[in-house]
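Notes follow once the structure below has been shown.
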4 protein chains.
Amino acid sequence: MIIQVKTDISDRQKEDIITEVNKVGYKVTEVQTQLGTYLIGIGSANFDIRKFGHKEGIQDIHIVSDDYKLVSKKWKVKPTSIDLGDGIHIKDGDMALMAGPCSIETEEQIIKVIDHLKATGIKIMRGGVYKPRSSPYAFRGLGLEGLKLWHQHAKAAGIKIVTEVMQVSQIEEMYDYVDIYQVGARNTQNFNLLDELGRVDKAVMIKRGISGTIEELLQSAEYVFSGGNEKLILCERGIRTYEKASRNTLDLNAIPILKSKSHLPVVVDPSHGIGIRQFVSHMALAGVMSGADGVIYETHEVPEKAYSDGQQTLDFHQSALLADQIRQTFALRNSFVL
Amino acid sequence: MIIQVKTDISDRQKEDIITEVNKVGYKVTEVQTQLGTYLIGIGSANFDIRKFGHKEGIQDIHIVSDDYKLVSKKWKVKPTSIDLGDGIHIKDGDMALMAGPCSIETEEQIIKVIDHLKATGIKIMRGGVYKPRSSPYAFRGLGLEGLKLWHQHAKAAGIKIVTEVMQVSQIEEMYDYVDIYQVGARNTQNFNLLDELGRVDKAVMIKRGISGTIEELLQSAEYVFSGGNEKLILCERGIRTYEKASRNTLDLNAIPILKSKSHLPVVVDPSHGIGIRQFVSHMALAGVMSGADGVIYETHEVPEKAYSDGQQTLDFHQSALLADQIRQTFALRNSFVL
Amino acid sequence: MIIQVKTDISDRQKEDIITEVNKVGYKVTEVQTQLGTYLIGIGSANFDIRKFGHKEGIQDIHIVSDDYKLVSKKWKVKPTSIDLGDGIHIKDGDMALMAGPCSIETEEQIIKVIDHLKATGIKIMRGGVYKPRSSPYAFRGLGLEGLKLWHQHAKAAGIKIVTEVMQVSQIEEMYDYVDIYQVGARNTQNFNLLDELGRVDKAVMIKRGISGTIEELLQSAEYVFSGGNEKLILCERGIRTYEKASRNTLDLNAIPILKSKSHLPVVVDPSHGIGIRQFVSHMALAGVMSGADGVIYETHEVPEKAYSDGQQTLDFHQSALLADQIRQTFALRNSFVL
Amino acid sequence: MIIQVKTDISDRQKEDIITEVNKVGYKVTEVQTQLGTYLIGIGSANFDIRKFGHKEGIQDIHIVSDDYKLVSKKWKVKPTSIDLGDGIHIKDGDMALMAGPCSIETEEQIIKVIDHLKATGIKIMRGGVYKPRSSPYAFRGLGLEGLKLWHQHAKAAGIKIVTEVMQVSQIEEMYDYVDIYQVGARNTQNFNLLDELGRVDKAVMIKRGISGTIEELLQSAEYVFSGGNEKLILCERGIRTYEKASRNTLDLNAIPILKSKSHLPVVVDPSHGIGIRQFVSHMALAGVMSGADGVIYETHEVPEKAYSDGQQTLDFHQSALLADQIRQTFALRNSFVL
């Protein structure tokens with residue numbers, strides 16, 4: 001159960017509600033976000049909502065049977081829009097493009113990518129400065145210094161930054177330089193990280209776990225929301241299956257399912273989803289048709305020379321072509337009754 | 001290695017070639033199809049093609065390192081077109097629509113579906129008369145009598161029939177009444193069935209196995225082709241993974257990969273691929289964008305009353321809408337450089 | 001619901017029971033096996049068993065809610081024992097060893113394996129004469145002639161034969177020469193084959209499908225049982241997962257689960273289960289400890305020269321060692337309360 | 001390549017070696033652990049070892065082609081023994097038992113479990129104080145206070161503690177109270193956590209990721225080792241597959257494979273591996289037979305009342321029985337040539 005309370009509720013009124021909810025055998029967690037205060041009741045007994053539905057201070061009560069509550073569409077039918085400032089949004093009914101290299105490598109590279117994005121009308125740049133690598137001996141990214149350099153150029157160009165945060169201690173140090181914190185596929189169930197991101201007033205994009213279920217992705221988003229941060233984006237990036245002809249198995253089924261279960265925007269990552277440059281555009285467009293609100297993909301001036309993920313990275317020519325095709329595909333999908 | 005031989009090759013010339021190929025350590029299998037004769041050399045040694053490349057009777061020689069040979073794009077770059085007669089084709093550059101119920105149930109149902117297909121401009125009707133069911137106590141279909149009834153109405157309406165064949169003994173009895181034999185996901189590696197379908201001069205559509213790899217699907221097609229039948233269609237219908245929010249995980253990655261590896265047309269089945277009526281259209285359109293040459297989906301006048309698969313079956317209104325959306329999506333994709 | 005009827009039931013009495021069961025909304029399938037006659041009622045309504053429980057001709061009635069019925073332990077608590085003749089059984093409380101090459105290759109090979117089995121006290125020989133191969137160009141086995149030759153030597157030595165049957169037409173031709181028909185992992189859901197094996201009075205061992213669930217394996221066994229054949233053995237042989245360090249993922253969890261759900265004996269195949277010679281013994285012994293009633297493994301005089309599966313085949317020395325270790329392990333397990 | 005250097009090597013000698021290794025195109029990472037100093041060379045070119053093999057300060061050079069190096073058996077054939085003090089070891093050739101509740105709940109519970117362990121001769125107690133939970137509203141453990149309480153009783157009883165660490169900041173605060181840090185299945189690729197655990201002089205047990213490969217588990221161990229900590233234990237606890245009849249699919253294949261690839265001890269967790277109380281003992285014993293050096297399982301005085309995982313937890317009677325069966329099984333396995 002989710003109880004939305006009024007902004008001017010008194011402590012006394014709140015305690016009063018909690019006491020009544022406890023009486024029907026429900027534990028209550030209080031959640032304060034940027035947008036409101038919620039009392040989340042967790043329990044399994046049936047109860048008569050009239051017992052506390054009339055209490056002062058209550059704005060609305062919703063019965064949400066899903067294990068995730070606050071990210072569910074059952075209480076909040078209106079889609080969530082993520083406002084990145086400067087008129088840039090990620091939301092249902094719009095198409096957010098995010099592109100950039102796997103890793104931030106050099107200042108020259110940053111400048112070239114930003115020039116490409118500006119020429120293509122792409123407003124959000126992706127790139128890794130902290131790189132999760134399965135081998136401890138691999139390149140692990142430029143770190144905070146790289147991020148600062150990147151931020152300086154991006155800010156000047158009016159480009160927003162989405163980049164991966166790998167641990168709690170990085171959240172604060174990255175704060176001034178990112179627009180969207182990305183939670184990577186290996187950290188989808190790093191609950192401490194999610195908890196802390198709940199305390200930040202900045203957008204968070206959560207990638208589905210390497211073998212995460214749709215349910216688990218929503219639960220992970222619930223962590224951040226219940227920690228106090230409503231600015232959430234979900235991302236399908238492929239799952240691990242027995243099939244090895246592609247890097248991952250892009251599960252586009254997840255996109256309409258997530259959109260129907262949650263009010264959060266959903267983005268698709270075709271680069272990791274298939275892992276083969278030649279087919280990234282096919283999967284990006286398929287993702288758009290399946291209902292995605294955005295596409296995040298990898299691009300680099302010379303993919304063959306990229307420090308990582310070159311095999312799935314588009315060059316600028318391919319990227320420009322794709323951005324245009326995505327827009328046309330999105331326009332067509334928007335004209336459909338689905 | 002694939003050696004295409006001339007149509008007027010003499011037995012003597014053929015033996016001569018085989019002898020030489022054997023000398024370099026390759027075993028030779030002779031394949032005769034509707035369109036030509038091929039000598040397939042299987043071996044792993046390196047050899048000098050000049051040793052037999054000049055032999056009389058040879059039209060062309062191709063080195064194909066894949067385990068599948070005849071279905072590979074490496075020797076036959078031009079896409080295969082399946083001609084069903086009456087101007088109906090399944091082929092690259094075209095969009096084949098196949099729709100109909102999960103099971104053929106009654107004459108009345110047949111008539112209603114055919115009327116719907118005609119009104120929608122769909123030329124190929126799907127439906128099961130032999131139904132593979134995991135429980136021996138479930139409805140197993142109307143069998144041959146159902147097929148005959150169906151064929152009578154379909155023929156009159158100029159509609160082609162695709163339906164599943166489950167065992168060798170059915171091939172002959174179904175022959176006069178089907179246009180495309182479908183090999184179901186549980187029979188993708190029923191090698192005896194594939195062998196026998198190689199001896200038939202009628203189109204065969206092979207569905208990917210429930211947990212089949214892309215490679216295995218191509219090998220299964222190789223069985224039919226090497227048995228003598230080039231009229232082959234591949235179908236992606238979702239694979240089994242840990243994710244249970246959908247019936248299967250539709251692996252759209254497979255579509256551009258199959259199209260790049262093989263010259264055969266590739267069809268997508270969104271109904272089984274997601275298994276949820278509400279999202280079948282999303283996945284159908286995503287499949288088209290990923291590169292499919294056709295879409296096969298389930299439709300029924302009253303899905304709730306269907307004998308089987310009702311939960312993933314579109315009603316006629318939804319079906320008509322989808323057919324139109326598929327055509328628009330396909331037209332847009334065709335305008336793209338991908 | 002399973003209604004066991006008396007052996008001397010009259011047709012009139014049977015019809016009478018069926019009529020009453022139909023009245024509560026249940027469809028009835030009559031099953032006649034080697035051991036008895038059963039009326040299987042399929043439906044979902046609640047009913048009062050007193051409505052027909054007293055009817056003449058009824059021996060016993062069991063409510064079985066599983067989708068599989070006749071293979072369930074819910075009505076038949078006593079484990080099924082498969083009698084192969086000559087005092088050889090496969091059953092709970094005993095340890096059946098089955099060993100032999102992947103493929104039957106030559107008469108010399110047959111003789112050598114049989115000599116090894118006799119020396120080791122192994123009573124059942126495995127081997128393939130019809131080989132399912134993913135490539136149409138690979139060795140497909142010696143066929144019926146190979147089986148006859150094998151049978152001649154095996155019979156003389158008092159050794160029983162288990163070998164794979166791939167299609168309906170082979171059942172009859174193999175009948176005189178096999179003791180156990182094996183249904184391979186690619187045919188677990190070849191329902192026509194299962195139907196026909198239900199009509200045979202000879203033991204059938206069903207391997208779990210390549211990505212088959214435990215439930216599906218039991219349903220496949222239900223096909224054969226409901227077709228009339230109670231002589232069934234289940235076999236765990238590894239499933240397909242994302243892990244590629246082993247050929248398959250041997251799912252030993254399945255063994256105690258199958259034993260608790262069904263009265264049928266369960267055998268483990270460590271050779272296919274891990275696919276690496278060096279570790280076959282580890283997994284065989286683990287399988288015994290998990291509760292298997294038998295072990296089937298591959299052995300060959302010179303594994304490196306085997307026509308197929310050499311990499312997972314034990315030589316005779318390893319095989320003799322393993323047979324002894326299995327017996328000791330089984331004796332220890334038998335002394336445990338589990 | 002791994003270069004073991006002498007303890008008395010001078011900085012000059014070290015630089016000299018690194019310079020030469022760089023010359024053949026290899027990057028060098030220096031690793032200092034409790035036991036030695038290693039120079040890890042990463043590269044792919046072939047080179048002539050004589051170019052630097054004679055350099056002063058070098059004790060030994062090993063070519064290790066695996067992606068993981070320091071945890072590989074290729075350079076260190078002798079199994080690693082983890083010394084927990086007081087004569088308690090985890091090592092090849094021995095059987096380490098670790099048992100306890102899923103969550104530490106109360107002081108009374110701690111005392112009861114410790115009494116049970118002492119009576120059963122089990123020296124290591126498991127239990128969670130920081131619990132990773134997919135829902136933010138679930139019980140998350142008693143935290144540091146719970147750990148201190150537990151440690152007080154365990155120390156008095158001579159029992160060692162293994163418990164999960166979830167984030168970097170907990171490492172230091174837990175240090176005085178744990179004997180083995182456990183890295184949970186959701187943190188196997190939390191590389192920051194692994195890095196930090198490399199800086200600690202205390203044993204670390206890494207659980208295989210929920211859908212982690214064997215290779216990835218070894219790479220994660222490489223993180224800790226290359227960070228400076230050689231005291232490592234690997235744990236197989238089941239992987240995620242399509243099969244839902246058990247909580248996870250316990251991959252016992254992984255045990256002999258891990259033992260053959262790495263010198264580290266390997267432990268099996270049958271409780272999470274199957275997730276069904278009734279079959280935990282079967283899988284524990286199977287794990288022992290497959291080659292495990294230890295077993296970690298869940299026990300609680302009244303499993304039905306456990307705060308978490310009750311369905312897979314043994315009561316004390318079952319636990320005592322299992323401990324005895326494990327010892328007998330291990331003794332038998334030790335008598336085998338495998």
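- Within the model, atoms OG of B:Ser72 and NE2 of B:His62 stand 10.5 Å from one another, a figure rounded to the nearest 0.5 Å.
- Contact count versus chain A (heavy atoms, under 4.5 Å) is highest, among B:Gly273, B:Gly275, B:Gly212, for B:Gly212.
- For a residue to count as touching a neighbouring chain, one of its non-hydrogen atoms must lie under 4.5 Å from one of that chain's; by this rule A:Arg333 does not touch chain B.
- Between A:His116 and A:Phe316, the ring planes lie parallel to each other; the angle is under 30°, not in the 30° to 60° tilted range.
- Of the two parts of A:Arg208, only the side chain, counted from C-beta on, holds a non-hydrogen atom closer than 4.5 Å to a non-hydrogen atom of chain B.
- Most heavy-atom pairs under 4.5 Å with chain B: of the set A:Leu322, A:Leu250, A:Val288, this distinction falls to A:Leu250.
- Note on A:Arg277 versus A:Asp315: no salt bridge recorded, every NZ/NE/NH1/NH2 to OD/OE distance being 4.0 Å or above.
- Here the CD-NZ distance, from A:Gln219 to A:Lys69, works out to 9.0 Å after rounding to the nearest 0.5 Å.
- At a 4.5 Å heavy-atom cutoff, the contact between B:Leu321 and chain A is made by side-chain atoms alone.
- In this structure, A:Glu230 does not pair ionically with A:Lys76, as no charged nitrogen and carboxylate oxygen lie closer than 4.0 Å.
- Residue A:Glu243 touches chain B through its side chain alone, counting heavy-atom pairs closer than 4.5 Å.
- Expressed to the nearest 0.5 Å, how far CZ of B:Arg126 lies from CD of B:Gln182 amounts to 6.0 Å.
- Contacts between A:Ile276 and chain B at a heavy-atom distance below 4.5 Å involve the side chain alone, from C-beta outward.
- Residue contact with chain B, scored on non-hydrogen atoms closer than 4.5 Å, involves the backbone and the side chain of A:Ile257 alike.
- The candidate from B:Ile255, B:Thr329, B:Asn248 with the greatest count of non-hydrogen atom pairs under 4.5 Å with chain A is B:Thr329.
- Taking 4.0 Å as the cut-off between side-chain N and carboxylate O, A:Asp66 and A:Lys261 do not count as a salt-bridged pair.
- Proximity to chain A involves both the backbone and the side chain of B:Gln328, based on heavy atoms less than 4.5 angstrom apart.
- For A:Thr241, the part lying under 4.5 angstrom from a heavy atom of chain B is the side chain only.
- Heavy atoms of A:Leu332 lying under 4.5 Å from chain B belong exclusively to its side chain.
- Listed by chain and residue number, nothing satisfies the ring pair (Phe, Tyr, Trp, His ring centres under 6.0 Å) test with B:His89 (two or more places apart in sequence, or in another chain).
- By the 4.0 Å N-to-carboxylate-O rule, B:Lys259 lies close enough to B:Asp92 to be salt-bridged with it.
- Note on B:Arg240 versus B:Asp251: no salt bridge recorded, every NZ/NE/NH1/NH2 to OD/OE distance being 4.0 Å or above.
- The most heavy-atom pairs under 4.5 Å with chain A, out of B:Ser211, B:Ser246, B:Ser281, B:Gly291, come from B:Ser211.
- Ranked by heavy-atom pairs shorter than 4.5 Å toward chain A, the options B:Glu215, B:His282, B:Lys244 are led by B:His282.
- For a residue to count as touching a neighbouring chain, one of its non-hydrogen atoms must lie under 4.5 Å from one of that chain's; by this rule A:Asp324 does not touch chain B.
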